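Note that the structure is a prediction, hence the values are computed from the model and not measured.
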Amino acid sequence: MTSELSISPVDGQQDWQALWGLTDRIYSSDPCWIAPLRMERKKLWKKNNPWFRHAVGQLFVARRGGSAVGSISTQFDELQADEGEGRIGYFGQFECINDPEVAIQLIQVAERWLTDKGCKVMRGPYDLGINQSCGLLVEGFETPPMILMGHAPRYYSSLLASSGLSEQKDLLAYLIEPDFPAPVAMRRLVSRQGTRLHFRPLKMQRYPEEVELLRQLFNDAWANNWGFVPLTKEEFAQTGTEIRHILNPDHACIAEFDGQPAGFIIALPNLNEWIRDLRGRLFPTGWAKLLWRVKRGRVSTARVPLMGVRRQFHGGALGAAISFGMIDHIRHALHRDGVEQVEMSWILEDNQGMNSLIKAMGGRLYKRYRMYAKQIG
């Protein structure tokens, strides 16, 4: 006889231990899974997370017979536009044993929570929002995830489909070798701009000002993109603080056209190389290992999580020149510092310009993440 399923809000260390035990069981036979740092997972839900100044959320755990069998989060962000479909709410942090009944009840809990907030659409999965990790891995299970990207069992897509969710948008991840032969056409596009187009590294001596400039560029560059939610000053300042100790200024670039900021790109070392053997734990010895690895700063892979070109340059030759020029500017430093592969992610499946540019540079599509949605309320 199957024990009754119960789903309750995560409240306290005992629930967190149950969640960590659940993921350990689900991924125990997956050689590509890298356990995220437990303290970072809990930190997402701290009240001082600036994201919660404009959003609300709740994390749930499902149990059967006293054992955790699933989890789901549900969130509503006041800054999310309704996009003509009605108020949009999120679900995320979905983990589940291979049991459609558990998945269906988890999704139903998220639906009820969001309906109470007046939402008409449920979309996900999001870690919290679109500016964090999002999308369900549906292709590329054979390799481990890069920094701030997700991983999942193959059966999760079937569980979401059985719960009434429909495919909405694919997010793509490419691998590229930084010593690729530069396309002649791209070099010509950049050279035609002469001295009007200039590329510079990040100025660490005025880091807070540079971080704010990056935020402004990001919000302008991404404003017309699907699912866009602007980053607040507090959110991006916190992000800047968190990545400062691993950010190499030569692996970041700001493009200037006629002396004005026109775009930016940031590549981060793949932190997952450093934490893979820690199993999510920093105690008792994980701290020392991680600090030593960060100090050495040696990785063979990196990821470009942030890149954007001002909207006024979108869709033209100048925009392409800015994009390529920024990539070209940082790739030499990455190669010099021993990086052999760089992930460019995520890229919207219908972003023709960026997809074409990455392929022209030898980029290989190697992972696909999928967003799902459902009408509710």
Side-chain angles (χ1 to χ4, degrees), residues 174 176-225 230-231 233 236-237 239-240 243-244 246-269 302-339 342-345 347 351-363:
Y174 291 87
I176 190 168
E177 296 174 359
D179 59 343
F180 63 85
V184 174
M186 290 294 106
R187 293 204 308 266
R188 286 174 179 168
L189 276 180
V190 175
S191 64
R192 284 174 188 166
Q193 307 306 321
T195 59
R196 301 182 70 186
L197 186 55
H198 174 68
F199 304 96
R200 66 169 178 84
L202 217 58
K203 298 177 180 177
M204 299 300 286
Q205 67 272 25
R206 52 191 310 270
Y207 188 71
E209 294 85 354
E210 293 281 79
V211 167
E212 173 58 15
L213 173 59
L214 295 178
R215 184 189 72 89
Q216 294 173 12
L217 287 169
F218 176 87
N219 283 346
D220 181 86
W222 284 70
N224 294 333
N225 275 20
L231 282 163
K233 287 185 177 181
F236 206 69
T239 298
I243 68 173
R244 185 169 186 167
I246 61 171
L247 176 61
N248 184 328
D250 290 335
H251 300 172
C253 171
I254 293 176
E256 296 174 340
F257 185 71
D258 286 341
Q260 298 300 313
F264 78 103
I265 187 172
I266 290 177
L268 294 177
R303 176 177 172 237
V304 174
L306 292 169
M307 178 179 175
V309 175
R310 282 197 183 276
R311 278 176 292 166
Q312 69 187 83
F313 303 120
H314 287 185
L318 179 54
I322 294 171
S323 296
F324 172 75
M326 293 189 301
I327 295 170
D328 195 48
H329 184 84
I330 67 168
R331 72 185 182 98
H332 300 290
L334 288 164
H335 179 60
R336 177 200 67 204
D337 294 336
V339 173
V342 179
E343 178 179 291
M344 311 240 352
S345 64
I347 314 295
N351 186 340
Q352 300 292 345
M354 186 54 64
N355 284 300
S356 297
L357 175 61
I358 295 174
K359 290 176 183 177
M361 295 184 295

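- In terms of heavy-atom proximity, Val309 sits nearest to Ala221 at O-CB, 3.1 Å.
- Across all their heavy atoms, Trp222 and Gly308 have their closest contact at NE1-CA, 4.3 Å.
- Using a 4.5 Å cut-off on side-chain heavy atoms (C-beta onward), Asn248 and Asp337 make contact.
- The shortest side-chain heavy-atom distance between Pro201 and His329 falls under the 4.5 Å cut-off.
- Contact detail for Pro230 and Asn219: the closest heavy-atom pair is CA-OD1, 3.5 Å.
- The two residues Met354 and Asn351 come nearest to each other via the heavy atoms N-OD1, 3.2 Å.
- Looking at heavy atoms from C-beta onward, Ile330 lies out of side-chain contact with Phe199 at the 4.5 angstrom threshold.
- At distances below 3.5 Å, at least one donor-acceptor pair connects side-chain atoms of Arg331 with backbone N or O atoms of Phe180.
- Between the CZ atom in Arg196 and the CG atom in Asp258 there is a gap of 4.0 Å [rounded to 0.5 Å].
- Considering CE of Met361 and CD1 of Ile327, their distance stands at 3.5 Å, rounded to 0.5 Å.
- Side-chain contact between Leu189 and Gln193 is absent, with no heavy atoms from C-beta onward closer than 4.5 Å.
- Residue-environment remark: NE2 (His314) exceeds the threshold of 12 foreign heavy atoms within 6.0 Å.
- Using cut-offs of 30° and 60° for the angle between ring planes, the Phe236 and Phe218 rings count as parallel.
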Please determine whether side-chain contact (heavy atoms from CB on, under 4.5 Å) holds for the pair Leu214 and Ile266, giving the CA-CA distance in whole Å, both sets of side-chain angles, and the decisive distance to 0.1 Å.
CA-CA 10 Å; Leu214 295 178; Ile266 290 177; 3.5 Å; yes
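- Side-chain atoms of Asp220 and Gln312, non-hydrogen and from C-beta on, never get closer than 4.5 Å to each other.
- Inter-residue side-chain proximity for Glu210 and Ile254 is flagged as met; some heavy-atom pair is nearer than 4.5 Å.
- Using a 4.5 Å heavy-atom threshold, the side chains of His251 and Pro269 count as separate.
- At least one side-chain heavy atom of Leu217 sits under 4.5 Å from a side-chain heavy atom of Arg310.
- Closest heavy-atom contact between Phe324 and Pro183: CE1-CD, 3.9 Å.
- Listed by first and then second residue, the side chain to side chain donor-acceptor pair (under 3.5 Å) pairs involving residues 176-192 amount to none (not counting sequence neighbours).
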